[in-house]
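Single-structure report; data block below.
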There are 2 protein chains.
Amino acid sequence: MIRNTRQRTAVNAVFDELEGFHSAQEVHARMRAAGDSIGLSTVYRAVQALVEDGELDSIRTDAGEAIYRRCSARHHHHLVCRACGRTEEVEGPTVERWADRVAAEHGFVDVTHSLEIFGTCAACHRAGAPSADRPG
Amino acid sequence: MIRNTRQRTAVNAVFDELEGFHSAQEVHARMRAAGDSIGLSTVYRAVQALVEDGELDSIRTDAGEAIYRRCSARHHHHLVCRACGRTEEVEGPTVERWADRVAAEHGFVDVTHSLEIFGTCAACHRAGAPSADRPG
DNA sequence: GAGCATGTGAGAACTGTTGTCGACTGCGGG
DNA sequence: CCCGCAGTCGACAACAGTTCTCACATGCTC
Ligand SMILES: [Mn+2]
Ligand SMILES: [Mn+2]
Ligand SMILES: [Zn+2]
Ligand SMILES: [Zn+2]
């Protein structure tokens, strides 16, 4: 049975005040800095539970770090600014259909997909953010 | 200046005989098992160089491990069997355009994207492979 | 409140990856 | 040829992110 703890509630609350994606370690550091007493392991367990509950969405950075964000329920993808981390949720029925069709054509079943778009947001571009190269 | 070494050549050759995606560690183990003497660091350096040369394509598993595969030059994506690792390269101009358009609509520039499709291939499905759940 | 399954957290362990550095070697110039 | 040396190798240590361990704490049910 899943129990209601101060820590779990607190981690969940952090994502109410946070835009974009954030790592477990970052959340832990923020909480500690704010005077919240919590262990790193607990933060990891909390974000994992929240992902399973559909409260958070997680993606992986190029560096291999898992980052998390409060997430709306319906299926969507992310448009992430490489410079500031700002994130837009985007939807595209076309893409969904394409992925399913292509998989079906190859005889694949039980199909899922991952899709993220990366770029430099208008604000960062204006501010002269550095551009990275990364083939998709 | 980039030098031609036995090790670099050997790593490159390994991917000629390998279908699907494979990790640096796996490649290292295979080479060692085949009597090839090579260091793990060297394998890492080699696959990284090969990715930069466009010889290999790399994606990241859910577990955060980088895996590599010999890759054709033109831009494409992958349809990967969760059970056996079998991989199909797929292309979709529709998706490319959709990603660019959506990013542009949000004022993003310098846009790239990552897109992978996962499923169970026909052979594995017939063989009764287990199905995983993984939201896209 | 008592009992106990569940959760916590400090620290150790693990995993994939990168850094270090003395030894080695492809390769262009002499 | 062989010299010189920048580029490379590889055993090993270091790192980063994540997970495990286990003694202790604490929600929940009764
Ligand atoms: Mn989708
Ligand atoms: Mn594409
Ligand atoms: Zn930005
Ligand atoms: Zn398969």
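Order of the sequence lines sets the chain letters (A, B, ...), proteins ahead of strands, with each chain counted from 1. Heavy-atom basis, side chains included; hydrogens, waters and symmetry copies ignored.
- Residue B:Ala63 is out of contact with every strand shown, counting any heavy-atom pair closer than 4.0 Å.
- In this structure, A:His78 has its ring center closer than 6.0 angstrom to the ring center of A:Phe21.
- Taking atom CD1 of A:Ile2 as the reference point, atom C1' of C:dG7 lies 11 Å away to the nearest angstrom.
- One interatomic measurement links the two molecules: NE2 of B:His22 to P of C:dG16, which rounds to 16 Å at whole-angstrom precision.
- Between A:Gln25 atom CD and D:dC15 atom C1' the separation is 12 Å, expressed in whole Å.
- In this structure, the NE2 atom of A:His28 is 13 Å from the P atom of D:dG17, given to the nearest Å.
- Looking at heavy-atom distances under 4.0 Å, A:Ala66 makes contact with sugar-phosphate atoms alone, never a base.
- Among the protein residues, A:Ser37 comes within range of the sugar-phosphate backbone only, with heavy atoms under 4.0 Å from sugar or phosphate atoms but none that close to a base.
- In this structure, A:Glu26 places its CD atom 16 Å from P of D:dA16, rounding to the nearest Å.
- Between B:Thr5 and B:Glu65, the residue whose closest nucleotide on DNA chain C is further toward the 5' end is B:Glu65.
- In this structure, A:Arg6 reaches the C:dG9 phosphate: one of its side-chain N or O atoms is under 4.0 Å from OP1 or OP2.
- Whole-Å rounding puts the A:Ile67 CD1 to D:dT18 P distance at 10 Å.
- Under a 3.5 Å cut-off, the side chain of A:Arg69 and the backbone N or O of A:Ser58 do not form any donor-acceptor pair.
- A:Asp110 and B:Arg82 are joined by a salt bridge, as a carboxylate oxygen and a charged side-chain nitrogen come within less than 4.0 angstrom of each other.
- Atom CZ of A:Arg60 is separated from atom P of D:dA16 by 17 Å (rounded to the nearest Å).
- When only modelled atom types and interatomic distance are considered, B:His77 and B:Glu89 share no side-chain donor-acceptor pair under 3.5 Å.
- Rounded to the nearest 0.5 Å, atoms CG (A:Leu50) and CZ (A:Arg45) are 13.5 Å apart.
- Side-chain contact between A:Gln25 and A:Tyr44 is present, with at least one heavy-atom pair separated by less than 4.5 Å.
- A heavy-atom distance below 4.0 Å to DNA chain D is reached by these residues of residues 38-53 of chain B, ordered by number: B:Ile38, B:Gly39, B:Ser41, B:Thr42, B:Arg45.
- Taking atom CE on B:Met1 and atom P on D:dA6, their separation rounds to 12 Å, with Å as the unit.
- Taking for each of A:Asn4 and B:Arg3 the nucleotide of DNA chain D with the nearest heavy atom, the 5'-most of the two is the partner of B:Arg3.
- Between B:His113 and B:Glu96, the side chains place a donor N or O and an acceptor N or O closer than 3.5 Å (distance only, hydrogens not considered).
- Judged by distance alone, the side chain of B:Thr120 and the main-chain N or O of B:Cys124 form no donor-acceptor pair under 3.5 Å.
- Near DNA chain D, defined here as any heavy-atom distance below 4.0 Å, there are no residues from residues 7-17 of chain A.
- A salt bridge links A:Arg70 with A:Glu55: the distance from a Lys NZ or Arg NE/NH1/NH2 to an Asp or Glu carboxylate oxygen falls below 4.0 Å.
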